[in-house]
Structure formats: C-alpha cells, structure tokens
Amino acid sequence: MGGLKYYKAVLNCMNDQVYVRDLEMNILYINPAAEKLTGWTLSEAIGKKCYDIFGDEKRGCLDVCPVEKAISANRSIAHHEGELKTRKGNIRKMQVSISPIKEDGDITGGIVVMQDITDFKELQESHIKTLIKMQKMQKSLQESEYCLKQAQELAGVGSWHFDIVADVLTWSEQTYRMFGIDRQTPLNIAIFMERVHPDDQSLVKSAWKAALKGEAYDIEHRIVVGIETRWVHEKAKITFDKDGSPLFSIGTVLDITERKQAEAQERFQAQIMDQMHDSVIATDMDGMINGWNNGSVRLFHYAPKDVIGMHVSMLYPSYSHAHLRESIIPTLLSRGSHEYQTRLIRKDGTEFDALVSLSVLRDVAGKTIGMIGYTLDITDKERVQKALADSEQRLSDIIEFLPDPTWVIDINERIIAWNRAVEKITGIKKKDILGKGRYAHAIPFYGEPRPTLVNLVLNRDERWEKQYLNIKEENGIPTAAESFHQKMGDKGRYLSTSAARLYNANGNVIGAIQSVRDITLTKQFEQEREKLINDLQTALDNVRTLSGLLPMCTNCKGIRGDKGYWRQLETYISQHTDADVSHGLCPECMDKMYGGQDWYESDRRGKESTI
C-alpha cells in the first residue's frame with residue numbers, strides 16, 4: 001500500500017467522499033470530504049473496520065456491501081446506490097463507485113468513491129409527490145364518482161331515474177348489478193317488470209299506480225336474477241307538473257336479501273324452539289334471557305313475560321351462582337359448546353336434576369352474540385332408560401319373529417336388525433352382517449351392493465327406483481314395490497317388498513325398516529292365467545257362429561237380413577260365418593228330378609250292383 005501516498009494530495013482535493021480499505025475491512029485512509037460527512041477524523045478512522053465508520057455491524061455500511069463484491073469479482077462497480085450511517089446516527093443516501101487496488105498483480109484492498117445524493121433524492125421524491133398530487137387533483141371528479149359507486153355497492157343501494165313521459169328508465173351501475181342486467185341494455189318499465197317475481201308483480205303494479213296518484217312509493221318485493229330469487233326495498237319520489245300529471249321519479253333500491261333470509265331463519269328457529277317438547281332457552285352475552293319456548297314453560301312453570309329480560313341465574317339455586325359465573329359460562333365461551341349435569345329450580349322453588357347442553361349463538365359474520373341452552377329433566381333418568389331399553393327389546397323380539405324376511409338400518413344406513421326369516425332366505429347369519437353398511441344387505445338379493453327400498457325411503461334416487469317392476473309411494477316417499485331377482489333360486493324369484501321410515505320420540509328420522517315376501521308362485525299363476533286367457537281369446541277370435549231366430553221363406557228358403565233384404569240361404573251363411581257353401585243334390589231330390597230317365601236308372605243300378 002506504499003503507493004497510496006502519491007495519491008493523497010489528489011484525494012484530499014476531491015469533493016466526493018473517498019476511503020481506502022484493506023482485505024480485512026480495515027480503514028487505511030479517508031479524505032477530508034469523508035471526514036466532514038461521517039464525523040470521523042482520519043486519525044480516528046485508521047485501523048477501524050469500515051462498517052464501524054460507515055454503518056453498523058449487523059447490516060454493514062450498505063444494505064448489500066458492493067466493496068466485497070468488487071474485490072471478490074476483481075472488477076469495478078459504478079453508480080451503486082445505498083445508505084450510509086454517520087457518526088451522529090444520520091442516514092445519508094449515497095451513490096458509490098468501487099475499484100479493487102492491486103500491488104504486484106495481487107488485490108490488496110479497495111478504493112471507494114462516494115457521492116452524497118440525499119438532497120437529490122429528497123428533491124426527486126418531492127417532485128414525484130407533487131406530480132402524484134397533481135394527478136390526484138385532476139382525477140378528483142372521477143374518484144368522487146367511483147367512491148359513490150363503491151359506497152352504493154358496499155351498502156347494497158342502487159339508484160334510478162324514470163322519465164315517466166318518455167318511458168325511459170336510467171339505473172346506476174349498482175342497480176344494474178343488483179338486477180343482473182347488462183350495463184348496455186336499454187331500459188323501460190317493461191324490462192323492470194320482467195325481473196319482478198311473478199307472485200309480486202301485482203303488488204308492485206298496485207303500489208306504483210297508487211304512487212302516480214300521490215301516495216308514497218315504499219315497497220319490499222322479490223326479483224328474479226337468473227335462477228336466484230332476491231329481495232329489494234324500493235323507495236321513490238315522483239315529481240308532478242302544475243296540472244298534477246307525473247313527469248319523472250327518482251328512487252333508490254336496497255338489496256335486503258340477507259335481512260329477509262335472517263328474518264326467515266329467525267322465524268324458523270323460533271318455530272323449532274316452540275315445537276320442541278324440551279326446554280330451549282336463549283340469552284344475550286350478559287346472560288339475560290331473550291328466548292323462552294313452550295318446553296321451558298312446562299319445565300320451569302314460568303311464562304315468557306316472567307323471565308324475558310331476567311338473568312339466567314334465576315333458574316339456578318343460589319349456591320350454584322358462583323359456579324355458573326366462574327366456570328360454566330367461561331368454559332362455554334372458550335369451547336363454543338358445553339354439556340353438564342346440574343341442579344335447577346322451578347318457579348315454586350322445587351329443585352330437580354337436569355342435563356344442560358349449551359352452545360354459543362353467532363351472527364352471519366361469525367361473531368358471538370349470545371348463548372342457547374337445551375335443558376332436560378333427568379330426575380327419572382334411570383326409570384326412563386330402563387323403559388326405553390325394555391321397549392327396544394320388545395321391538396327387537398317382534399322383528400325377530402316376523403314371518404317375512406325383515407331388516408332395519410339406522411340413519412347412517414348400517415344394518416341394526418336382521419331377523420330369522422331373512423337369514424333363511426339369504427343364508428347370511430345375523431352375526432355376519434349386523435353393523436355393516438355400504439348396501440351389504442342388497443348383495444344376497446342382487447349379487448352386488450346397491451340401494452334397496454329401505455335406502456330409498458331415506459334418500460330417494462330415481463335411477464334405482466326405475467329398476468323395480470312397479471313402485472308405490474305415499475306423501476312423496478316410496479313404500480312398496482315388486483322386483484325380480486335373477487340370482488335367487490334356480491329360475492329367479494319375484495319379491496314383494498315394503499319399507500317405512502323409523503322416527504324417535506321427537507319426530508326425527510332415525511332409520512328405516514324393510515320386509516320382503518316371496519310372490520314367485522303368485523306371479524307364475526298370474527302369468528299362466530294370463531296365457532290361458534290369451535289362448536282362449538285367440539280361439540274365440542277364430543270362431544264365428546250364428547244364433548237367434550232366422551226368418552226363412554217357406555218356399556224359396558231365402559233368409560231375411562237385419563235390414564229387411566232377402567238373400568239366398570248360401571249367400572247369408574257365407575256373409576255371416578267363416579263357412580263356404582258348395583252345391584249338390586241329395587238322393588231324394590235326385591229321384592224326384594231324374595227318376596224314370598234311362599241314363600239315371602242305369603247309373604243307379606250300376607252303383608247298387610257295386611255295393
């Protein structure tokens with residue numbers, strides 16, 4: 001590095017900041033301009049690491065050190081931009097050029113020339129900000145319009161203008177989107193009415209007719225968008241001329257589909273709550289009761305007016321209040337649901353054992369808005385469970401000894417009962433099939449797993465229903481059918497089958513039952529009887545007879561027909577039967593006509609001698 005002294009005078013005169021470092025990142029020299037910029041003197045900087053002077057140890061003097069790249073690649077780097085940290089901690093933006101330093105052909109360090117471009121960058125940024133500000137000012141009108149459109153879209157509100165005289169309707173973009181009509185479509189009142197639900201068109205027409213007479217136009221109705229039905233709320237103000245004739249109207253339309261769906265859901269849930277036999281109680285987040293069904297009236301003996309707005313703790317004995325507040329409700333809110341046994345109290349003060357199942361209530365956005373609890377009196381739980389078990393056993397015994405092959409599936413379509421008769425007809429034992437699903441019960445009947453009538457009463461499938469010879473249904477549910485099973489017996493079997501849904505005490509479907517009966521002999525008899533009838537009919541079709549009284553002339557033996565015309569006997573027979581008539585003479589007539597003639601007498605004697 002001895003040659004460095006020849007360049008110091010030149011470097012000291014430069015306005016750009018310059019420093020020299022060796023391969024170990026040690027500072028060998030900084031010029032006065034670098035001293036002024038960094039706040040470090042030459043004597044202080046010599047021997048220090050470059051990142052101690054121009055940056056910090058964690059990030060280096062520049063984001064990605066170009067000096068190391070230049071030395072490693074043995075090439076110069078120009079116009080690299082980065083940041084430099086001064087002794088006072090100020091950050092300056094720099095443009096850097098680096099060249100490796102060589103002595104005797106070996107790289108011994110690098111020289112770095114830096115130019116402070118902080119002011120230039122700030123000016124450039126200021127200029128850019130000014131340009132952006134000008135562009136924003138130029139586009140303010142367009143942005144305002146866009147914001148209005150966005151606000152309408154977010155709020156689900158559209159606007160419209162109707163020139164009543166010219167029958168020209170103008171919509172905002174949001175209204176076009178709401179009604180599912182292309183933006184370029186010319187509009188009039190007829191186009192609008194095409195989108196109104198058929199059941200609401202008379203309502204809309206009546207409301208508009210009243211509005212044209214001065215009444216307020218404020219209406220909720222349905223519209224049809226593609227295959228979807230949506231709800232809208234329309235309001236309008238009509239402007240009239242001095243004679244009271246309507247000129248134009250300005251209106252708004254609000255999409256209220258979600259609100260209507262929520263209202264319908266609330267009504268549905270309220271109906272479900274009221275129809276449930278057991279107690280269902282709803283509260284807000286503070287535990288104040290806001291839902292109380294008829295089952296709760298029966299269980300606690302409180303009318304809704306006595307409890308709505310009261311805290312749910314009124315249903316708990318005083319000694320349970322702390323546990324409710326500190327354990328039950330926090331557990332519910334953290335898990336989303338919670339089930340426990342506890343003691344509750346009725347209006348008359350009597351306590352009873354209860355099983356309580358709690359869940360949180362959420363709005364459409366998923367936010368928790370309250371709690372709902374299902375309460376069951378389990379005071380007589382053991383008695384009820386024993387009665388239920390006895391009932392289930394009796395039902396099982398009945399199914400077991402039914403004469404017709406019978407089986408039962410649960411709601412998941414797994415086999416839960418398989419009686420003796422079905423064991424006999426299929427050859428499959430109960431222990432080998434109970435608990436199985438995937439249509440295992442169909443294999444002995446069809447040779448493959450597939451839905452049978454017991455599955456179709458739970459989930460209808462027209463494709464499989466069509467494979468039955470015939471099928472009957474009640475209230476939209478298939479209940480009976482006939483089928484032919486080629487793989488059963490030597491020549492196949494005809495089976496008559498019936499099926500029905502099974503319900504629990506709450507009216508919920510819990511499974512289905514199916515019975516079959518072998519009707520092969522009946523079918524064979526029906527087929528033979530049908531064949532016999534067909535054969536007899538064919539025979540009858542080949543026979544034509546005459547019956548009744550036939551008017552005949554005593555002289556010519558002619559026959560009088562139905563229309564009063566007389567015909568020869570042979571003609572009448574040919575027309576009314578399948579017989580043909582040939583003509584000849586009987587022996588008596590032959591004697592009358594030809595007796596005494598030589599040729600006849602000679603012929604007759606010849607025949608007699610032959611005999």
Side-chain angles (χ1 to χ4, degrees), residues 339 355 357 376 378 381-465 467-469 471-474 477-490 492-520:
E339 183 174 281
L355 176 66
S357 299
L376 181 65
I378 59 172
K381 180 179 177 181
E382 293 299 325
R383 179 181 59 80
V384 172
Q385 287 182 340
K386 185 177 185 305
L388 180 61
D390 291 343
S391 176
E392 290 177 348
Q393 183 59 49
R394 285 194 296 272
L395 177 61
S396 177
D397 292 341
I398 291 171
I399 293 174
E400 179 67 17
F401 291 100
L402 286 175
D404 290 331
T406 304
W407 62 95
V408 181
I409 63 173
D410 62 17
I411 194 64
N412 297 313
E413 303 189 15
R414 292 189 297 263
I415 300 168
I416 58 174
W418 187 262
N419 76 348
R420 294 181 181 180
V422 75
E423 283 184 332
K424 183 177 180 180
I425 194 173
T426 63
I428 298 176
K429 296 297 183 182
K430 183 189 286 80
K431 64 182 180 62
D432 297 325
I433 199 167
L434 288 182
K436 290 187 177 180
R438 297 181 178 275
Y439 313 123
H441 58 277
I443 297 176
F445 295 96
Y446 294 96
E448 61 176 351
R450 49 153 286 180
T452 67
L453 198 63
V454 74
N455 306 102
L456 298 177
V457 300
L458 296 179
N459 301 291
R460 297 203 65 169
D461 190 325
E462 185 177 356
R463 177 185 52 167
W464 294 108
E465 291 176 16
Q467 297 192 22
Y468 283 97
L469 299 176
I471 193 165
K472 297 179 182 178
E473 62 179 66
E474 294 179 7
I477 300 174
T479 57
E482 291 184 355
S483 54
F484 179 71
H485 300 262
Q486 184 67 45
K487 296 183 179 298
M488 298 185 69
D490 296 333
R493 291 183 181 178
Y494 286 94
L495 297 181
S496 172
T497 183
S498 60
R501 291 178 174 180
L502 298 176
Y503 298 86
N504 62 13
N506 295 325
N508 299 319
V509 178
I510 58 172
I513 183 172
Q514 179 174 352
S515 295
V516 298
R517 180 171 294 177
D518 191 336
I519 59 171
T520 305

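In what follows, residues are counted from 1 in the order of the sequence shown.
Looking at His441 and Asn455, their side chains come closer than 4.5 Å, going by heavy atoms from C-beta outward. Using a 4.5 Å heavy-atom cutoff, the side chains of Leu456 and Tyr468 are in contact. Looking at Asn459 and Glu413, their side chains come closer than 4.5 Å, going by heavy atoms from C-beta outward. Residues Pro405 and Lys424 form no side-chain contact, since every pair of their non-hydrogen atoms from C-beta on lies 4.5 Å or further apart.
The shortest non-hydrogen separation linking Thr452 to Ala442 is CG2-CB, 3.6 Å. Leu458 and Asp410 make their closest contact through CD1-O, 4.1 Å (heavy atoms, listed as atom of the first residue, atom of the second, distance). Contact record, Asp404 with Arg517: OD2-NH2, 2.7 Å, taken as the closest heavy-atom pair. Contact between Arg438 and Pro449 at its shortest, heavy atoms only, is O-CB, 3.4 Å. Here the closest non-hydrogen pair linking Ile425 and Leu495 is CD1-CD2, 4.4 Å. Contact record, Val457 with Ala512: CG2-CB, 3.5 Å, taken as the closest heavy-atom pair.
Partners of Tyr494 by side chain to side chain donor-acceptor pair (under 3.5 Å), not counting sequence neighbours, listed by chain and number: Gln527. With sequence neighbours excluded, the residues that form a side-chain contact (heavy atoms from CB on, under 4.5 Å) with Asn419 are Ile399, Glu400, Leu402, Thr406, Ala421, Val422.
Using modelled atom types, one finds no donor on one side chain facing an acceptor on the other under 3.5 Å when comparing Ser496 with Glu482.
Within the 3.5 Å criterion, the main-chain N or O of Val454 finds no donor-acceptor partner in the side chain of Trp407. In this structure a side-chain-to-backbone donor-acceptor pair under 3.5 Å is present from Lys430 to Trp418. Remark: side-chain polar atoms of Asn412 are not paired, donor with acceptor, to backbone N or O of Arg414 under 3.5 angstrom.
Heavy atoms from other residues, nucleotides or ligands lying under 6.0 Å from CD of Glu474 number 12 at most.
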For this session: Kindly determine whether Ser483 and Phe445 satisfy side chain to side chain contact (heavy atoms under 4.5 Å, CB included), including the steps that lead there.
Result: CA-CA 10 Å; Ser483 54; Phe445 295 96; over 6 Å; no
For this session: Evaluate the side chain to side chain contact (heavy atoms under 4.5 Å, CB included) criterion for residues Val516 and Leu453: first the C-alpha distance (whole Å), next the side-chain angles of each, then the deciding distance (0.1 Å), finally the verdict.
Result: CA-CA 10 Å; Val516 298; Leu453 198 63; over 6 Å; no
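Separation of atoms CD1 (Ile428) and CD (Glu423) is listed at 10.0 Å; rounding is to 0.5 Å. The CD1 atom of Ile415 lies 7.5 Å from the CG atom of Leu434; values are rounded to the nearest 0.5 Å. Note that the CD atom of Glu465 and the CD atom of Gln467 stand 11.0 Å from one another [nearest 0.5 Å]. Interatomic distance, Met488 CE to Asp518 CG, rounded to the nearest 0.5 Å: 7.0 Å.
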